[in-house]
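Data block below; observations after.
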Amino acid sequence: MPRAGPRAGPRAGPGAVRTAVADPGLSGAARRRFSVVVMGDVRIEVRATLPDVRFTEVAEDRLAYAPASAVVGGTAMNMARCAVGYFRRVAVLGRIGDDDFTPVVRRELRRLGARDLLRAEHGTANGVTVMLSDRGPDGGRGARLLVAERDAPDRRLSPSDVRDAARAIRRADALCCDGYASLAAPSRAALRTAMEAARAARTLVLFDLVPHDVDSRLPAPEALAPLPLADVVISEAPTLARLLGRPVPVTANGARALVPVLDALVPGRPLWLLRFGPSTLETVLAHRRGELTMDYPSGYEDGVERVGFGDRLAAAELYWWLARRTSRGR
């Protein structure tokens, strides 16, 4: 296939590749297709936005009244919440606690219409995450502080948990997983088990290279270890560049400079979806060796809610790629 020109996107000219932002779009698919298993964290998440507070101004105890909510969150649940708008069948695999929140978690899965593959760890509490957003210096979008419980059950997801769900993985069109599992030894082993099971069954594997500061948490070889098992890799371009010891890209040309490095990094021909721009979310570079290299606007701009946007974009892109593969017979 000829390569699309720079800034190929929803408004590109005739003959250009239509992107996920254009079709199926960021609001869900007109026709839900395919089945996916989403593996990752499931936690109770408390979110608050502090419109009158800047973190840099807080030097002592302070009470702030602000919009706040508690949701069933975590990487797996947040992705599943978006995925149900695109895919005919969605299942969630993870390890949770066994407390008063457990029925709430399972009830939310039923509400979404997602299959419950969660393993409850007897006698433990569910993990909790707190997300705080402050006011920016100009009164606009500020910073986010994410506080995640260190010893949550998801860090103990095991290869045995994955093997119990192997049939669902084998029957799915795609497995979605992420790099948070790499941060603990048990879940790291579970991640590899799941990816290998998917590859053996020809189930497409999408891997999200997170957290975005993983280069400061793991040696580069450990952080990059899952990539050879992935068919689709999502990453902020700066994250991947730092892991590879390359200049951090902020422009399309900077992101494209990573292409030969990516081609040499892993065998095979994974699809790379790299986010970059002023807030690392405005533009996507899509690259697959010998087939596709283009960048396009993600749809993220001022006024768009950042929380959950990455999952919406990832769900749309996965649907787009599955549909593209199906239409091309591979």
Side-chain angles (χ1 to χ4, degrees), residues 35-45 72-80 83 89-106 108-110 112 114-129 148-211 214 217-219 221-231 233-234:
S35 61
V36 299
V37 174
V38 184
M39 187 179 89
D41 301 349
V42 177
R43 299 185 175 204
I44 304 302
E45 192 168 291
V72 181
T75 59
M77 188 64 76
N78 292 339
M79 180 62 176
R89 293 187 298 275
V90 177
V92 177
L93 170 60
R95 180 173 280 241
I96 60 174
D98 177 24
D99 61 13
D100 290 344
F101 286 117
T102 303
V104 176
V105 171
R106 297 194 186 279
E108 177 64 4
L109 278 178
R110 291 195 298 271
L112 292 175
R115 183 181 175 188
D116 184 346
L117 298 177
L118 299 176
R119 299 296 187 261
E121 187 175 276
H122 180 68
T124 63
N126 277 283
V128 176
T129 300
E149 184 177 350
R150 182 186 298 274
D151 192 32
D154 50 71
R155 297 173 71 86
R156 294 182 292 278
L157 183 70
S158 69
S160 177
D161 294 333
V162 171
R163 286 190 288 270
D164 287 344
R167 185 169 183 269
I169 294 173
R170 289 194 300 267
R171 292 168 61 90
D173 293 294
L175 168 71
C176 302
C177 46
D178 64 75
Y180 281 101
S182 296
L183 300 182
S187 56
R188 185 161 57 244
L191 173 65
R192 185 168 191 86
T193 299
M195 297 177 80
E196 289 176 342
R199 290 297 293 265
R202 301 180 65 84
T203 297
L204 182 143
V205 178
L206 180 149
F207 179 74
D208 191 356
L209 184 57
V210 288
V214 67
R217 299 177 182 277
L218 290 175
E222 286 187 22
L224 298 172
L227 299 191
L229 293 172
D231 300 290
V233 179
I234 294 176

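Contact record, R217 with P211: CD-CG, 3.8 Å, taken as the closest heavy-atom pair. Of all heavy-atom pairs spanning A120 and G97, the tightest one is CB-O, 3.8 Å. The two residues V36 and A83 make their nearest non-hydrogen contact at CG2-CB, 4.4 Å. Closest approach of A223 to L209, counting heavy atoms only: O-CD1, 3.7 Å. Across N78 and V72, no two heavy atoms sit closer than the pair OD1-O, 4.3 Å. Across L117 and A165, no two heavy atoms sit closer than the pair CD1-CB, 4.3 Å.
The salt bridge (charged side-chain N to carboxylate O under 4.0 Å, His left out) check on E121 picks up R95, R156, with sequence neighbours excluded. Qualifying side-chain hydrogen bond (donor to acceptor under 3.5 Å, both in side chains) partners for R170, counting only residues two or more places apart in sequence or in other chains: none. A search for side chain to side chain contact (heavy atoms under 4.5 Å, CB included) contacts involving R202 returns nothing, not counting sequence neighbours. Take A172 and apply the side chain to side chain contact (heavy atoms under 4.5 Å, CB included) test, not counting sequence neighbours, and it matches S35, V37, T203. Applying the salt bridge (charged side-chain N to carboxylate O under 4.0 Å, His left out) test to D164 and every residue at least two apart in sequence or in another chain returns R119. In this structure, S187 has no side-chain hydrogen bond (donor to acceptor under 3.5 Å, both in side chains) partners at least two apart in sequence or on a different chain. With sequence neighbours excluded, the residues satisfying side chain to side chain contact (heavy atoms under 4.5 Å, CB included) with D99 are F101, T102, A125, N126. For the salt bridge (charged side-chain N to carboxylate O under 4.0 Å, His left out) test, no residue two or more places apart in sequence or in another chain qualifies with R171. Scored by the side-chain hydrogen bond (donor to acceptor under 3.5 Å, both in side chains) test, T193 finds no partners at all (sequence neighbours excluded). Every side-chain hydrogen bond (donor to acceptor under 3.5 Å, both in side chains) that D178 has, sequence neighbours left out, goes to T75. In this structure R155 satisfies the salt bridge (charged side-chain N to carboxylate O under 4.0 Å, His left out) test with no other residue, sequence neighbours excluded.
Between V205 and C177, some side-chain heavy-atom pair lies under the 4.5 Å cut-off. Between F207 and L229, every side-chain heavy-atom pair lies at or beyond the 4.5 Å cut-off. Side-chain contact between I96 and R106 is present, with heavy atoms from C-beta onward closer than 4.5 Å. Residues L93 and I169 have side chains in contact (heavy-atom distance under 4.5 Å, counting atoms from C-beta outward). You'll find the side chain of V90 stays beyond 4.5 Å of the side chain of L112, heavy atoms only. When side chains are defined from C-beta on, M39 counts as touching L157, because their heavy atoms get closer than 4.5 Å. Between M77 and L109 there is a side-chain heavy-atom pair separated by less than 4.5 Å. No side-chain heavy atom of V214 sits less than 4.5 Å from a side-chain heavy atom of S182.
Residue pairs that meet the salt bridge (Lys or Arg N to Asp or Glu O under 4.0 Å) test with at least one member in residues 180-194, sequence neighbours left out, are R192-E196.
Although no hydrogens or angles enter the test, the distance criterion places a donor-acceptor pair under 3.5 Å between the side chain of E149 and the main chain of V128.
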Q: Please report the C-alpha distance between V105 and I44 in whole Å, then the side-chain angles of each, then the deciding distance to 0.1 Å, and finally whether the side-chain contact (heavy atoms from CB on, under 4.5 Å) criterion is met.
A: CA-CA 8 Å; V105 171; I44 304 302; 4.1 Å; yes
(Q) One pair to check against side-chain contact (heavy atoms from CB on, under 4.5 Å): L218 and L183. What are the steps and the verdict? (A) CA-CA 8 Å; L218 290 175; L183 300 182; 3.9 Å; yes
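Note that CG of L175 is 9.0 Å distant from CG of L204, once rounded to the nearest 0.5 Å.
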